[in-house]
**Q** 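Questions regarding the structure given below will be posed in turn.
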2 protein chains.
Amino acid sequence: MGLVLAAKRLLHEQGFRRTSLADVASAAGVPLGNVYYYFRTKDALAEAVIAAHESALREHFSSWEASYPDARQRLRRLVRSPLDASEGLVRFGCPHGSLCQKLEKLGPDAPLAKAAARLLAVYIDWARAQLRAAGVPPHRARTLAASTVAAIQGAMLVAHTLRSESPLAEQLDHVERWLDSSISTHSRRVH
Amino acid sequence: MGLVLAAKRLLHEQGFRRTSLADVASAAGVPLGNVYYYFRTKDALAEAVIAAHESALREHFSSWEASYPDARQRLRRLVRSPLDASEGLVRFGCPHGSLCQKLEKLGPDAPLAKAAARLLAVYIDWARAQLRAAGVPPHRARTLAASTVAAIQGAMLVAHTLRSESPLAEQLDHVERWLDSSISTHSRRVH
DNA sequence: GTCTATAAATTGATAGAC
DNA sequence: GTCTATCAATTTATAGAC
C-alpha cells in the first residue's frame, strides 16, 4: 500500500497536523478521494502508519536476535541504532518520538494515543527482555529499560532541535557506557 | 499580557497546530480580532510564548544560583526540577521539548525553529556552566551538559507517552547518580 | 475499484465601525 | 484601542459518475 508508505514519510517530515490528506494522496500518486476508500478517517490512516512502524520495529528486533547471540551485544545494537539513520533523525526527529509527542495531545483515551504509547512500550519491553537475559534482576531490568529508551529518545530530541549530528553520537556513547556499567553492577554473576 | 499567558497554556496542552487563535482569544477573554492588534501573525504570538518560557527559565536559574552555593547542588536541582510540575508533564509533556518537536518541523531557517533551538540551548549552556564550576574540563562539560539535558528530556517524553509518573522519578534518580559519578570521575580534584 | 467534484467546517488574517 | 463581521484559503469528508 503506497498510501501508508507516503503517509509514514510525510508524518515524519511534517507531523500529523501539518500533513493534509491531499499531500498524502499526491505523494502516493492517487487522487484524494481514493484515500477514503482505504481509510475511513485521517486517524485511521495514522493508525496504519503506527502499525507499520511497529512491525518494522519488531523486524529489527528479530534480526538483532538472530545476529547477536549475546544480550549485551543486542543492547549495544539498540543504543547505536539511531546512528543508522542519523541524517533523517537530525532533520526530522525520531519518527516514533515525534509521533508520540504529537498524538498524545489528543487525550489519553484516544485510540491514536494508545497506539503511540504501545509503540514506545514495544521498545522498552524488548530492552527489558535483553536486560533480563543479561542477568539483571526483574525490577532493575524494568527501570533500566525505561531509562535506556528515555536516554536514547532524549539524545535524538536534542540532536534534532540543535540540528547537529555530533551530540547524537557523543550522547549515545555515554548511554552505551552507562548501560554497560549498570549491567555489570546489577547483574548476578553467573560465571 | 493575558494573551501570551493563555497561549502559553494552550500551546503546552494542545500544541501549535491544534491551537487556533480563536481558542487563545477565548481563553484570554478577548475577541478574536483583538489578537491581531498585538501580534501580526500566529507565529509572532508563538515567538512571544517562547520568549516567556525563556525568561521564566532564566529566572529559575538565577534563583537556583542564589539558593545553592555549590555547583553540584545546582545541577541536582536542575535534574529534579521536572518533579515540581510532574502532573502537567505527565499529561502534556515538557512544554519546551514539545514546542521544539512541533516547531522544528518548519525547517531549520524558520524564526520559530531558531527560537525553539535557543530555548534548549539556554538549558544546555547553564548546565555546562555549572559543570565547569564543579571542576569538569571544558570539552567534558560540553558533552556532559548536552547528555544531561537529553536524559532529562527523554525521561519526560517517556513519562508523558506512557502517562505514568513513576518512570519520571526513577529515571531522574538514575540521571542524578550518573551525573554525580561523572563529575567525580572527570573533574580535576582541587582540594 | 478509481476518479472528479463538491459539500461542510475550520481557521488565519483583514476591514472598518465605534 | 476594542470589537464585529467577513474574506479567502485550507482541509476533512462525501456523493456519485465511470
Side-chain angles (χ1 to χ4, degrees), chain A residues 1-52 92 98-99 101-107 109-116, chain B residues 1-52 92 98-99 101-107 109-116:
Chain A
M1 179 72 60
L3 273 175
V4 175
L5 211 66
K8 193 175 169 186
R9 182 171 62 83
L10 287 173
L11 255 58
H12 182 205
E13 295 179 0
Q14 304 184 336
F16 181 71
R17 299 282 298 190
R18 267 185 78 83
T19 300
S20 72
L21 291 174
D23 288 340
V24 176
S26 170
V30 298
L32 170 62
N34 211 319
V35 176
Y36 288 92
Y37 178 77
Y38 295 100
F39 303 97
R40 287 181 186 174
T41 63
K42 189 183 180 183
D43 281 13
L45 176 58
E47 283 190 65
V49 168
I50 294 180
F92 306 114
S98 52
L99 260 179
Q101 288 239 344
K102 273 162 213 304
L103 298 179
E104 291 282 326
K105 303 282 177 177
L106 304 174
D109 298 326
L112 265 182
K114 299 217 171 212
Chain B
M1 178 73 61
L3 273 174
V4 176
L5 211 66
K8 194 176 170 186
R9 182 171 63 82
L10 287 173
L11 256 57
H12 182 206
E13 294 179 3
Q14 305 183 337
F16 181 72
R17 298 283 299 190
R18 267 186 79 84
T19 301
S20 71
L21 290 175
D23 288 340
V24 176
S26 170
V30 297
L32 170 61
N34 212 321
V35 176
Y36 287 91
Y37 179 77
Y38 296 100
F39 303 98
R40 289 182 184 172
T41 63
K42 189 183 181 183
D43 281 12
L45 176 58
E47 282 189 65
V49 168
I50 294 179
F92 305 115
S98 52
L99 259 180
Q101 288 238 345
K102 272 161 212 304
L103 297 179
E104 289 282 326
K105 303 280 177 181
L106 303 174
D109 298 326
L112 266 182
K114 300 218 168 208

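The structure displayed is predicted, hence computed values, not measured ones.
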**Q** In whole Å, what is the span from the CZ atom of F16(A) to the P atom of dT12(D)?
**A**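 To the nearest whole Å, that distance equals 8 Å.
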
**Q** Would you say dG1(D) has OP1 or OP2 under 4.0 Å from some side-chain N or O of Y37(B)?
**A**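 Result: yes.
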
**Q** For the pair made of CG in N34(B) and C1' in dA5(D), what is the distance, rounded to whole Å?
**A**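 Going from CG in N34(B) over to C1' in dA5(D) covers 15 Å.
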
**Q** Counting heavy atoms from C-beta on, name the nucleotide in dT4(D), dA13(C), dT12(D) closest to the side chain of L32(A).
**A**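 Nucleotide nearest to L32(A)'s side chain: dT12(D).
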
**Q** In whole angstrom, what separates D43(B)'s CG from dT11(C)'s P?
**A**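 Taking CG of D43(B) and P of dT11(C), I get 16 Å after rounding.
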
**Q** How close or far is atom P of dA8(D) from atom CG of L21(B), stated in whole angstroms?
**A**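 From L21(B) CG to dA8(D) P: 19 Å.
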
**Q** Judged by atom type as modelled, is there a donor-acceptor pair below 3.5 Å linking the side chain of S26(B) to the main-chain atoms of A22(B)?
**A**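 No, the answer is negative, given that no donor and acceptor are paired below the 3.5 Å cut-off.
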
**Q** In whole angstroms, how far is the P atom of dT12(D) from the CG atom of D23(A)?
**A**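 Roughly 8 Å, once rounded to whole Å.
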
**Q** Would you mind reading off the distance between R17(B) atom CZ and dG12(C) atom C1', rounded to a whole angstrom?
**A**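 Interatomic distance, CZ of R17(B) to C1' of dG12(C): 10 Å.
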
**Q** Is there side-chain contact between L11(A) and F92(A), with heavy atoms separated by less than 4.5 Å?
**A**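 L11(A) vs F92(A): side chains apart.
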
**Q** I want to check something: taking the side chain as every heavy atom from C-beta on, are F16(B) and D43(B) in contact at a cut-off of under 4.5 Å?
**A**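 In short, these two side chains touch, coming nearer than 4.5 Å.
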
**Q** Tell me what Y38(A) touches on the nucleic acid: a base, only sugar-phosphate, or nothing, going by heavy atoms under 4.0 Å.
**A**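 Sugar-phosphate only.
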
**Q** With a 4.0 Å limit, can you tell me whether Y36(A) has a side-chain N or O closer than that to the phosphate oxygens OP1/OP2 of dA15(D)?
**A**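 Checking dA15(D) against Y36(A), no side-chain N or O comes under 4.0 Å of OP1 or OP2.
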
**Q** State, with a plain yes or no, whether a side-chain heavy atom of F39(B) is found less than 4.5 Å away from one of V4(B).
**A**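 Sidechains of V4(B) and F39(B): in contact.
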
**Q** Nearest to the S20(B) side chain among dT11(C), dT4(D), dA13(D), which nucleotide is it?
**A**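 When the side chain of S20(B) is considered, dT11(C) is the closest of dT11(C), dT4(D), dA13(D).
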
**Q** Of all the nucleotides listed (dT2(C), dT2(D), dT12(D)), which has the minimum atom distance to the side chain of K42(A)?
**A**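 Comparing dT2(C), dT2(D), dT12(D) against the side chain of K42(A), the answer is dT12(D).
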
